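Following: one structure in structure tokens, then a few remarks.
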2 protein chains.
Amino acid sequence: MDGTKAILVDVDFLQTYLENKGISQCQFAEEVGVTQSTVNRIMNGKRNPGGKFVTGVLQGFNDLSFDEVFSCSDNLLK
Amino acid sequence: MDGTKAILVDVDFLQTYLENKGISQCQFAEEVGVTQSTVNRIMNGKRNPGGKFVTGVLQGFNDLSFDEVFSCSDNLLK
DNA sequence: TTTGGTAATTGCCTTATGGTAATAAACTAA
DNA sequence: TTAGTTTATTACCATAAGGCAATTACCAAA
């Protein structure tokens with residue numbers, strides 16, 4: 001909706017990762033330290049991930065790296 | 001002030017990097033796409049870097065990586 | 001059919017990020 | 001000394017992230 005920069009999530013990658021590990025959106029939320037509502041909004045492109053989400057993912061899943069999951073680009077929110 | 005997770009900046013690293021390159025806080029701010037006030041607040045630990053700052057740094061300075069400049073830990077704000 | 005787990009959604013609220021001045025202190029060069 | 005640059009600070013404001021709670025829909029297993 002605007003041209004501001006934001007951290008983006010590779011939703012497809014994350015989706016696949018979670019499916020392969022059999023982790024539900026709800027479990028994921030808990031591990032990351034945010035609510036299911038927050039995860040869902042981010043996974044469906046209604047919110048950009050903030051510092052709390054990014055940190056939670058990287059701390060909660062040590063096999064994931066910033067560059068794998070996130071990228072830096074322009075805001076794509078609807 | 002609280003125990004929430006946030007992205008942190010390696011201020012010493014960034015400070016040194018900018019000094020070595022002879023880049024002022026103001027020039028840096030412009031390159032990153034935020035204001036000098038925002039850069040200053042982040043460099044002095046009064047604000048955590050947000051998505052705009054992180055993205056601006058990584059896009060504006062291709063020789064910098066997320067892992068070099070940032071880390072994921074608990075909020076240290078005063 | 002009913003239970004249970006999951007994903008999707010939404011309204012309301014709080015807090016954090018970032019902008020916009022504007023100002024002050026410090027330092028350097030002319 | 002004065003002008004210019006840089007860093008630090010601050011009050012006020014707008015917007016975005018995230019929580020909370022509740023609801024809906026879907027689908028599989030008992």
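These numbers come from a predicted model, not from an experiment. Lettering of chains follows the sequences in order, A, B, ..., and the numbering in each one begins at 1.
Put simply, Lys52(B) has a side-chain N or O that comes within less than 4.0 Å of OP1 or OP2 on dG19(C). Phosphate contact (OP1/OP2 of dG19(C), side-chain N/O of Thr38(B), threshold under 4.0 Å): present. An OP1 or OP2 oxygen of dG19(C) is reached within less than 4.0 angstrom by a side-chain nitrogen or oxygen of Thr35(B). For the pair Ser37(A) and dG19(D), the criterion of a side-chain N or O lying under 4.0 Å from OP1 or OP2 is not met.
As rounded to whole Å, 14 Å separates atom C1' of dA17(D) from atom CG of Asn75(B). Rounded to a whole Å, the NZ atom of Lys5(B) is 16 Å from the C1' atom of dG19(D). Between the CZ atom of Arg47(B) and the P atom of dT7(D) there is a distance of 19 Å, rounded to whole Å. Rounding to whole angstrom units, CG of residue Leu77(B) and P of dT15(C) are separated by 15 Å. The distance from atom CD of Glu30(B) to atom P of dT6(D) is 11 Å, rounded to the nearest whole Å. Atom CD1 of Ile7(A) and atom P of dT17(C) are 12 Å apart (whole Å). Atom CZ of Phe28(B) and atom C1' of dT7(D) are 15 Å apart (whole Å).
In this structure a side-chain-to-backbone donor-acceptor pair under 3.5 Å is present from Asn75(B) to Leu77(B).
Distance CG/Leu18(B) to CE/Met43(B): 5.0 Å, rounded to 0.5 Å. Of the inter-residue distances, the one linking Gln25(B) atom CD with Gln36(B) atom CD reads 5.0 Å to the nearest 0.5 angstrom.
DNA chain D is contacted by both Arg41(B) and Val34(A); Arg41(B) maps to the nucleotide lying nearer its 5′ end (nearest heavy atom per residue).
No side-chain donor-acceptor contact under 3.5 Å links Tyr17(B) and Asp10(B).
At a threshold of 4.5 Å between side-chain heavy atoms, the hydrophobic network of Ile, Leu, Val, Met, Phe, Trp and Tyr places Phe13(A) and Leu8(A) in two separate groups.
Shown here for Asn48(A) and Ile7(A), the closest heavy-atom pair between the two residues is ND2-O, 3.8 Å.
Within 4.0 Å of Gly56(A), counting heavy atoms only, lies no atom of the nucleic acid at all.
Not less than 6.0 angstrom separates the ring centroid of Phe70(A) from the ring centroid of Phe66(B).
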Quiz prompt | nucleotides 2-8 of chain C: protein proximity per nucleotide (B base, S sugar-phosphate only, - neither; heavy atom, under 4.0 Å) | solution = ----SBB
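Listed nucleotides: dA21(C), dG18(C), dT17(C). Nearest to the side chain of Asn48(B): dT17(C).
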